[in-house]
Amino acid sequence: YTLNFPSTETDNQGAVYNLDTQKLDYLGQNGFPEAARELHKLNFGPRLGIAYRLTDRTVLRSGYGLVWQEQAGITTPFTIPQFPFIQTVTQRSLDGVTPAFVLSAGPNVQPIPLTPDAGLGQGVFSVDRDLGSGYVQQWNLAIQREISGNLVAEVAYAGSKITHVGIPDSNINQLTAEQLAQGNSLLQLVPNPFFGQIPRSSSIGDPNIPRAQLLRPFPRFTAVSLYRNNVGNTSYHALQAKLEKRLSRGLAFLIGYTRSNLIDDAGQVFDASIQTGPVGNFPVADSFNRALERDISTGDIPNVFVTSFTYELPVGKGRLFNLPGVADKLLGGWSVNGTILLQSGLPFAVTQITNFNAFAGFGTQRPNILRNPNLPADQRTTGRWFDTSAFAVAPQFTLGNASRNPVRGPGYRTADIAFIKRTYFGEVVNFEFRTEIFNLTNTPPLGNPNGVLGNAAFGTITSAGDPRVIQFGLKLNF
């Protein structure tokens with residue numbers, strides 16, 4: 001059972017934008033609670049595990065668990081918008097000709113007063129008070145078979161689902177896709193009915209503003225986001241196979257393979273830092289259509305093969321071939337450890353360099369996709385990792401049809417090895433010398449390609465991880 005109390009601020013320095021009154025509600029004032037969220041009291045987290053021995057060498061295991069999560073930046077919804085107690089103020093030229101201020105005199109802009117209308121002309125945070133904590137459900141079914149005394153094989157299915165995971169801050173003060181289709185008439189300047197109410201420092205405080213601004217749900221504000229909005233979901237399914245040899249006769253190894261699929265509707269979680277207002281370039285195509293975000297996850301790795309081993313050479317004190325005196329000090333006590341990892345590349349987003357719909361409150365404009373952009377393996381190069389001609393710029397007033405993560409990046413392959421020499425002095429003290437080689441084959445761990453259509457580097461890979469690294473170490477154990 002988990003009881004996650006909504007956070008409070010010692011001096012009630014926080015405010016929440018009220019979507020109905022279109023004003024700020026200050027914590028602990030005028031009947032508004034001291035917390036931005038409700039306390040949820042039914043956070044039960046059952047766990048159940050079962051093991052059944054089918055034969056003397058075969059065991060069947062299964063389990064289920066529900067865990068409530070509170071991790072900053074991932075599922076935590078219980079933080080409070082700090083504006084206007086923390087704020088950013090600006091001073092701009094009102095006609096584009098007259099300077100905003102003379103440098104020698106300095107700016108004369110003043111902080112925004114702490115009133116219900118403090119957020120006029122800028123972005124504000126509201127809160128869905130009914131949302132509770134995020135939680136993850138995990139389940140598995142495995143069959144394990146002992147092949148010999150020290151060799152065990154296992155095949156398992158594992159699944160998980162996270163509910164109420166954090167999503168990127170998105171703007172509910174945008175036009176709908178249907179309104180966006182009205183085209184050029186949205187850019188027409190019309191008289192501002194709120195002129196004089198909205199500070200002139202705001203981009204929507206001029207006598208005339210684009211017609212699109214007046215069609216927004218909250219026309220007196222640039223953006224309205226739901227703070228720490230955790231409405232996302234993830235789904236994971238995996239088939240796992242493992243062969244493990246426990247240490248005997250100096251040898252131990254583990255070989256594992258996972259085939260999995262991870263789907264979610266959140267390319268990233270919300271910004272965990274304290275903001276004075278919503279960000280404008282959030283990675284969501286349409287704040288009113290969450291279905292557009294559901295795709296293969298940015299963290300999806302469908303194939304993972306890993307093996308590790310430890311081998312103690314059978315030469316030296318206490319081993320198969322015991323050596324006397326100086327010979328043991330030079331030739332005995334050697335062991336070799338190694339790991340090999342092979343895995344698929346990660347999916348990544350493709351956007352276009354110019355978001356033509358930013359004026360209407362859209363944070364990202366994805367391009368149109370004409371065909372499958374993933375190239376066969378023998379055609380991929382660092383200069384052209386995917387078919388860049390498979391994408392076309394989406395025109396203004398439209399939403400591109402590309403999914404959130406339409407392309408997959410380079411896979412990862414690495415082999416590490418370590419040579420270890422232990423020299424004993426008596427029964428307790430030993431001196432250890434290590435030579436460790438990382439990325440033994442010096443295979444470049446390539447970064448993801450540039451995914452911005454319109455950028456000169458679109459489709460090219462310009463980054464990579466570390467090359468081969470060799471390090472030596474000495475250790476005295478006693």
Side-chain angles (χ1 to χ4, degrees), residues 161-163 165-172 174-178 180-181 229 231-238 259-270 281-303 343-358 360-377 379-380 384-411 447-455 457-461:
K161 183 180 187 302
I162 303 179
T163 304
V165 70
I167 65 171
D169 292 331
S170 54
N171 180 20
I172 61 174
Q174 68 161 53
L175 300 188
T176 64
E178 292 74 20
L180 186 65
N229 200 32
V231 295
N233 295 278
T234 74
S235 176
Y236 175 79
H237 300 279
R259 173 70 178 179
S260 65
N261 178 255
L262 175 60
I263 295 175
D264 61 31
D265 55 7
Q268 64 188 54
V269 298
F270 43 67
N281 57 340
F282 50 92
V284 173
D286 184 352
S287 298
F288 298 139
N289 188 357
R290 293 291 310 157
L292 295 179
E293 304 308 304
R294 187 167 180 80
D295 197 7
I296 294 296
S297 173
T298 307
D300 177 64
I301 307 176
N303 296 286
Q343 67 180 40
S344 305
L346 294 169
F348 62 93
V350 174
T351 59
Q352 52 191 52
I353 196 167
T354 301
N355 175 9
F356 297 111
N357 300 329
F362 290 82
T364 296
Q365 189 176 19
R366 295 175 185 144
N368 287 319
I369 189 168
L370 308 178
R371 56 185 174 274
N372 183 2
N374 291 287
L375 293 172
Q379 296 182 25
R380 299 175 195 154
R384 185 174 179 262
W385 186 259
F386 59 90
D387 183 3
T388 55
S389 66
F391 295 95
V393 173
Q396 192 171 29
F397 314 119
T398 67
L399 302 181
N401 64 5
S403 63
R404 197 182 84 225
N405 293 318
V407 185
R408 191 174 290 274
N448 274 344
N450 183 295
V452 181
L453 178 60
N455 189 300
F458 183 53
T460 66
I461 297 176

Under a 3.5 Å threshold, yes or no: a donor from one side chain and an acceptor from the other, between [X] and [Y]?
X	Y	value
D387	Q379	no
N303	R259	yes
R366	S403	no
T460	N450	no
N357	N355	no

Got [X] and [Y] here, is their nearest side-chain heavy-atom distance under 4.5 Å?
X	Y	answer
Q174	D286	yes
L346	F348	no
I369	P406	yes
I353	L453	no
T398	Q365	yes
V231	I167	yes
V350	F391	yes
E293	P283	no

Can you see which heavy atom on [X] is nearest to which on [Y], and at what distance?
X	Y	result
D300	S260	OD1-O, 4.1 Å
G400	N368	CA-OD1, 3.3 Å
A177	L399	CB-CD1, 4.2 Å
S287	F282	OG-CE1, 3.7 Å
N448	P410	OD1-CD, 3.6 Å
A394	F356	O-CD1, 3.6 Å

Discussion item. Please determine whether a side-chain nitrogen of the Lys or Arg among D264 and K161 lies less than 4.0 Å from a carboxylate oxygen of the Asp or Glu.
Written reply: no
Worksheet item: Between D265 and R404, is the closest basic N to carboxylate O distance under 4.0 Å?
Response: no
Under 3.5 Å: donor-acceptor pair, side chain of [X], backbone of [Y]:
X	Y	value
W385	R408	yes
R294	I263	no
N229	G166	no

Fill in: Any residue meeting ring-ring contact (aromatic ring centres under 6.0 Å, His included) with Y236, in chain and number order, not counting sequence neighbours
none
Discussion item. For the aromatic rings, using the six-membered ring if either is Trp, is the centroid distance between F397 and F362 under 6.0 Å?
Written reply: no
Item to complete: Take N261 and I296, measure what side chain to side chain contact (heavy atoms under 4.5 Å, CB included) needs, and give me the verdict at the end.
Response: CA-CA 8 Å; N261 178 255; I296 294 296; 3.5 Å; yes
I need the [X] [atom1] to [Y] [atom2] distance, nearest 0.5 Å.
X	Y	atom1	atom2	answer
S235	I162	OG	CD1	10.0 Å
Q352	N455	CD	CG	13.0 Å
N401	L292	CG	CG	10.5 Å

